[in-house]
Novice: 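Can you keep this structure in mind? I'll have questions shortly.
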Amino acid sequence: MLPKRKVDIIVPNYNYAHFLGECIQKIHSQTFSDFRLIILDNGSTDDSHDLVREWQTKDKRIQFIINEKNLGVSGSLWKGYALADAEYTIHMGADDRIEPDYLKTTVEALDNNPEAAVAYTTS
């Protein structure tokens, strides 16, 4: 069975609305479009929920999950990986930024090197 999409991106969040908007913008602006963004929120009390919901109206690839309790970064990552069903899965911090061709370049590198199990960059 083939994966539903090429890439799932997992982003845990807790009260990082002041960074999260730009993180989502950088993901949304990728030259590679076959991805889903999974944002897992750990009970933020800032504007994170409104910000993500506003982005969801612009981009249907965004899945927003509010954890019933704060799982921490590692717990949210584990939950995100359990939800992921794409061929490739990456995770980012809510304060991370990526260049517009990041996904395209990474997917091409992995597709061209099927023996590789992991890809990483210096930034």
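Counting begins at 1 with the first residue of the sequence. Scope of the values below: all heavy atoms of this structure, side chains included, with no hydrogens, waters or symmetry mates.
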Novice: With a cut-off of 6.0 Å (strictly less than), are more than 12 heavy atoms of other residues, nucleotides or ligands near NZ of Lys79?
Specialist: yes
Novice: Is Gln25 atom CD crowded by more than 12 heavy atoms from other residues, nucleotides or ligands, each under 6.0 Å away?
Specialist: yes
Novice: Is the Lys NZ or Arg CZ of Arg61 less than 6.0 Å from the centre of Phe35's six-membered ring, within 45° of the axis?
Specialist: yes
Novice: Do Leu103 and Ile90 have side chains that get closer than 4.5 Å, going by heavy atoms?
Specialist: yes
Novice: Just checking, is any N or O donor in the side chain of Asn15 or Ser48 under 3.5 Å from an acceptor N or O on the other one?
Specialist: no
Novice: Can you give me the closest heavy-atom contact between Asn42 and Ser76, atom names plus distance?
Specialist: ND2-OG, 3.0 Å
Novice: What distance separates Leu20 CG from His49 NE2, expressed to the nearest 0.5 Å?
Specialist: 10.0 Å
Novice: Kindly compute the distance separating NE2 (His28) from OG (Ser33), expressed to the nearest 0.5 Å.
Specialist: 11.0 Å
Novice: Does any non-hydrogen side-chain atom of Arg36 lie less than 4.5 Å from one of Asp85?
Specialist: yes
Novice: If hydrophobic clusters are built by linking Ile, Leu, Val, Met, Phe, Trp and Tyr wherever their side-chain heavy atoms come under 4.5 Å apart, do Leu110 and Ile98 end up in the same one?
Specialist: yes
Novice: Tell me, yes or no, whether the heavy-atom count around Lys58 atom NZ, taken from other residues, nucleotides or ligands under 6.0 Å, exceeds 12.
Specialist: yes
Novice: I'd like to check Leu37 versus Ile24 (side-chain heavy atoms, cut-off strictly below 4.5 Å). Are they in contact?
Specialist: yes
Novice: Which residue is it: Thr57, Ile39, Ile38? I am looking for the one with a side-chain contact (heavy atoms from CB on, under 4.5 Å) to Ile62.
Specialist: Ile39
Novice: Mind listing the closest non-hydrogen atom pair of Gly93 and Cys23 along with its distance?
Specialist: O-SG, 3.7 Å
Novice: Taking C-beta and beyond as the side chain, do Phe19 and Arg97 meet within less than 4.5 Å on heavy atoms?
Specialist: yes
Novice: Quick check: does any side chain N or O of Asn112 sit under 3.5 Å from a backbone N or O of Glu108, one acting as donor and the other as acceptor?
Specialist: yes
Novice: Do Gln30 and Lys104 have side chains that approach each other closer than 4.5 Å (heavy atoms only, starting at C-beta)?
Specialist: no
Novice: Please identify each residue that fulfils side chain to side chain contact (heavy atoms under 4.5 Å, CB included) with Asp50, with sequence neighbours left out.
Specialist: none
Novice: Would you kindly say whether Asp46 and Tyr14 are connected by a side-chain donor-acceptor distance under 3.5 Å?
Specialist: no
Novice: Determine, step by step, whether Val7 and Asp34 satisfy the side chain to side chain contact (heavy atoms under 4.5 Å, CB included) criterion, reporting the C-alpha distance in whole Å, the side-chain angles of both residues, the deciding distance to 0.1 Å, and the verdict.
Specialist: CA-CA 6 Å; Val7 179; Asp34 188 15; over 6 Å; no
Novice: Would you indicate whether the side-chain heavy atoms of Val11 and His91 approach each other to under 4.5 Å?
Specialist: no
Novice: Let's go through Lys26 and Tyr102 carefully: what are the C-alpha distance in whole Å and the side-chain angles of both, what is the deciding distance for side chain to side chain contact (heavy atoms under 4.5 Å, CB included) to 0.1 Å, and is it a yes or a no?
Specialist: CA-CA 10 Å; Lys26 295 291 187 180; Tyr102 173 81; over 6 Å; no
Novice: Report yes or no: do Leu51 and Tyr16 belong to one cluster of Ile/Leu/Val/Met/Phe/Trp/Tyr joined by side chain heavy-atom distances under 4.5 Å?
Specialist: no
Novice: Nearest 0.5 Å, please: how far is CD in Glu99 from OG1 in Thr31?
Specialist: 11.0 Å
Novice: Between the main-chain N or O of Met92 and the side-chain N or O of Asp96, is there a donor-acceptor pair closer than 3.5 Å?
Specialist: no
Novice: Given the rule in the side chain to side chain contact (heavy atoms under 4.5 Å, CB included) test, do Asp111 and Tyr88 qualify, once you have shown the distances and angles that lead to the verdict?
Specialist: CA-CA 10 Å; Asp111 283 349; Tyr88 302 125; 2.6 Å; yes
Novice: Would a single hydrophobic cluster contain both Leu71 and Ile65, if residues Ile, Leu, Val, Met, Phe, Trp and Tyr are joined by side-chain heavy-atom contacts under 4.5 Å?
Specialist: no
Novice: Any side-chain heavy atom of Val52 within less than 4.5 Å of one from Asp41?
Specialist: no
Novice: So do the side chains of Asn13 and Leu40 get within less than 4.5 Å of each other, counting heavy atoms only?
Specialist: no
